[in-house]
Protein chains: 2
Amino acid sequence: MITNRNCIIRLSRYKNALYRLRDLGFVKVFSDNLADAIGVTASQVRKDFSLFGITGNRKGGYEIASLLEKLGGILGKDRVERVIIVGAGHLAYALMHYRGFEKEGIKIEAAFDIDPLKFAKNAQIPVLPIEEMKDFVVSNNVKVGVLAVPEIGAQRAADTMFAAGIKGILNFAPLRLKAPNDCTINNVNLEIELENLVYFVNILGKKGEDKI
Amino acid sequence: MITNRNCIIRLSRYKNALYRLRDLGFVKVFSDNLADAIGVTASQVRKDFSLFGITGNRKGGYEIASLLEKLGGILGKDRVERVIIVGAGHLAYALMHYRGFEKEGIKIEAAFDIDPLKFAKNAQIPVLPIEEMKDFVVSNNVKVGVLAVPEIGAQRAADTMFAAGIKGILNFAPLRLKAPNDCTINNVNLEIELENLVYFVNILGKKGEDKI
DNA sequence: ACTTTATTGTGATTTAATTCACAACAAGTT
DNA sequence: AACTTGTTGTGAATTAAATCACAATAAAGT
Ligand SMILES: NC(=O)c1ccc[n+]([C@@H]2O[C@H](COP(=O)([O-])OP(=O)(O)OC[C@H]3O[C@@H](n4cnc5c(N)ncnc54)[C@H](O)[C@@H]3O)[C@@H](O)[C@H]2O)c1
Ligand SMILES: NC(=O)c1ccc[n+]([C@@H]2O[C@H](COP(=O)([O-])OP(=O)(O)OC[C@H]3O[C@@H](n4cnc5c(N)ncnc54)[C@H](O)[C@@H]3O)[C@@H](O)[C@H]2O)c1
């Protein structure tokens with residue numbers, strides 16, 4: 001069981017690159033094409049595949065269609081993944097209006113909020129009272145949720161999600177959530193992303209100055 | 001010069017944990033407190049600090065105020081970082097209305113778009129025609145930008161940003177941007193984040209089944 | 001049929017990151 | 001003043017990840 005996050009992220013990138021190549025009319029691909037496409041070495045590509053038992057044809061490379069199928073299987077893209085959002089604020093609004101998830105087999109089914117002003121029972125993606133979350137999650141067998149409530153209420157909201165049966169949270173609130181250990185948290189911390197970017201811009205800037 | 005991204009991200013997390021501790025009234029902290037707070041080992045904390053020449057007091061731990069100052073210096077938080085957004089769509093709207101960046105010393109100064117319907121010259125954060133970006137970036141000495149345009153226009157928009165003098169891009173478009181090598185790209189790919197989450201939820205679920 | 005060429009698949013090696021382990025030492029205690 | 005305790009700081013050891021290197025081999029050419 002591979003638990004190297006970077007490795008799994010590379011699989012997603014291979015998949016995306018393969019979609020592009022396929023749509024361009026390509027049928028086969030070599031490890032070095034994929035390597036170029038996502039910016040890693042060709043051995044990294046082959047090693048990643050080897051880890052998951054994906055094989056190609058010596059001399060002949062890999063067949064794109066079959067590769068996509070295998071990667072899809074590993075990444076759970078063989079069926080549509082139903083997802084909910086908790087906290088129907090600005091960020092949720094952007095996510096709910098984004099068309100890009102569907103083509104990845106990710107379907108945002110509903111959002112939940114505490115603020116009655118946000119409720120929209122009959123919208124395309126309904127916004128429902130948080131009290132209805134548990135029933136919804138159970139009856140739709142939802143396993144993954146996005147957490148987009150303010151920091152102050154985030155841990156409590158997460159606990160409600162876990163209690164409802166959610167096993168994975170994509171967390172936008174800038175704190176470290178405590179979670180049961182059969183549950184996964186992926187954090188998207190935009191403050192930290194920007195701060196990190198600033199650091200690298202600064203050190204690259206300084207490196208430039210040194211050369212003078 | 002430390003270029004280990006995870007290490008720099010940990011510095012940000014230490015800093016955030018330290019803010020909390022300080023606001024709770026603490027004055028000193030030990031490496032194991034910080035370790036607990038962000039979920040790493042105490043040696044990791046000390047090693048990280050050691051790498052940047054940060055020292056504490058044997059037996060006495062670290063003084064929070066001085067630690068914050070040093071971390072701030074390393075992460076470039078000793079002054080406000082001016083940032084622009086290119087693409088004033090849904091995501092940009094969420095970012096522009098988010099109050100959380102300011103307390104981190106990150107100020108979104110303006111957004112730029114090609115769609116005249118989006119222009120808002122006199123808004124608190126103005127939305128301006130993309131043609132005005134270069135002047136703005138030069139005269140405000142902006143080094144960092146957020147890219148939030150659709151995938152199809154992303155590389156072109158990025159090139160315009162580089163030409164204007166931007167040295168770091170936080171990229172939300174789901175593609176790999178080509179960039180000059182004195183420039184840094186940090187990608188936030190939400191499709192991949194969700195896909196990754198689904199993978200880990202699936203394998204943890206399967207692990208559970210095995211035990212039966 | 002035989003040779004050349006191109007590419008995979010993976011064990012061995014290297015490099016990078018993390019953890020270990022403990023000497024150094026400051027602060028308190030007897 | 002000697003002893004105890006608790007914590008840092010870091011070199012050494014370990015672990016994890018990436019890269020190298022090349023045998024295996026399929027396809028194409030002669
Ligand atoms: N908007 C951004 O650009 C941005 C950037 C970085 C981080 N974040 C983080 O993302 C999260 C969401 O940000 P946002 O801008 O969308 O916030 P927002 O204030 O626009 O929306 C938050 C929503 O959550 C709802 N809510 C509050 N408590 C709740 C609860 N217990 N259960 C259900 N709903 C609840 C509120 O009614 C509101 O509708 C925050 O944690 C924020 O720190 C946002
Ligand atoms: N909204 C989301 O939740 C979400 C999720 C994942 C990824 N993304 C990615 O983030 C990016 C932005 O998403 P969004 O939902 O805000 O899109 P959006 O369509 O709401 O907004 C895009 C904006 O960019 C402007 N634009 C287009 N070309 C431009 C150019 N060359 N220069 C300047 N402006 C230009 C458009 O006029 C529009 O206002 C996209 O690449 C999208 O794939 C968004």
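Order of the sequence lines fixes the chain letters, A, B, ..., with proteins taken first and strands second; residue numbering starts at 1 for each chain. In this text, all values refer to a predicted model and were calculated from it rather than measured experimentally. Just so you know, these numbers use all the heavy atoms, side chains as well, and skip hydrogens, waters and symmetry mates.
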Length of the [atom1]-[atom2] vector between [X] and [N], whole Å:
{"X": "A:Q44", "N": "C:dG9", "atom1": "CD", "atom2": "C1'", "value": "14 Å"}
{"X": "B:K59", "N": "C:dA24", "atom1": "NZ", "atom2": "C1'", "value": "13 Å"}
{"X": "B:D32", "N": "C:dT19", "atom1": "CG", "atom2": "P", "value": "15 Å"}
{"X": "A:I8", "N": "D:dA17", "atom1": "CD1", "atom2": "C1'", "value": "13 Å"}
{"X": "A:L51", "N": "C:dT8", "atom1": "CG", "atom2": "C1'", "value": "15 Å"}
{"X": "A:K28", "N": "C:dT7", "atom1": "NZ", "atom2": "P", "value": "11 Å"}
{"X": "B:R5", "N": "D:dA17", "atom1": "CZ", "atom2": "P", "value": "17 Å"}
{"X": "A:F30", "N": "D:dA26", "atom1": "CZ", "atom2": "P", "value": "15 Å"}

Discussion item. Is the shortest side-chain heavy-atom distance between A:V127 and A:M96 below 4.5 Å?
Written reply: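 Yes, at least one pair of side-chain atoms sits under 4.5 Å.
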From [X] [atom1] over to [Y] [atom2], what is the distance, rounded to the nearest 0.5 angstrom?
{"X": "B:S31", "Y": "B:K47", "atom1": "OG", "atom2": "NZ", "answer": "13.0 Å"}
{"X": "A:L68", "Y": "A:E63", "atom1": "CG", "atom2": "CD", "answer": "10.5 Å"}
{"X": "A:F52", "Y": "A:L71", "atom1": "CZ", "atom2": "CG", "answer": "9.0 Å"}

Fill in: Closest-nucleotide ordering on DNA chain D, the 5'-leading residue of A:N57 and A:N6
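Nearest nucleotide further toward 5': that of A:N6.
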Worksheet item: Want to settle it: does A:R58 or A:S43 sit nearer the 5' end of DNA chain D, counting the closest nucleotide to each?
Response: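 Of the two residues, A:S43 wins.
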Among the nucleotides [options], which one has an atom lying closest to any side-chain atom of [X]?
{"X": "B:K47", "options": "D:dT7, D:dG11, C:dT10", "answer": "D:dG11"}
{"X": "B:S31", "options": "C:dT19, D:dA21, D:dT8", "answer": "D:dT8"}
{"X": "A:T55", "options": "D:dT10, D:dG9, C:dG9", "answer": "C:dG9"}
{"X": "B:R46", "options": "D:dT8, C:dA27, D:dT19", "answer": "D:dT8"}

With heavy atoms under 4.0 Å as the rule, sort [X] into base, sugar-phosphate or nothing.
{"X": "B:N4", "result": "sugar-phosphate"}
{"X": "A:F49", "result": "nothing"}
{"X": "B:R10", "result": "sugar-phosphate"}

Worksheet item: With B:L147, which of B:I166, B:I84, B:V188, B:I169 fulfils side chain to side chain contact (heavy atoms under 4.5 Å, CB included)?
Response: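 The residue from B:I166, B:I84, B:V188, B:I169 that satisfies side chain to side chain contact (heavy atoms under 4.5 Å, CB included) with B:L147 turns out to be B:I169.
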Item to complete: Return the 5'-most residue of the pair A:G61, B:V40 with respect to DNA chain C, ranking by each residue's nearest nucleotide.
Response: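 The residue closer to the strand's 5' end, by nearest nucleotide, is A:G61.
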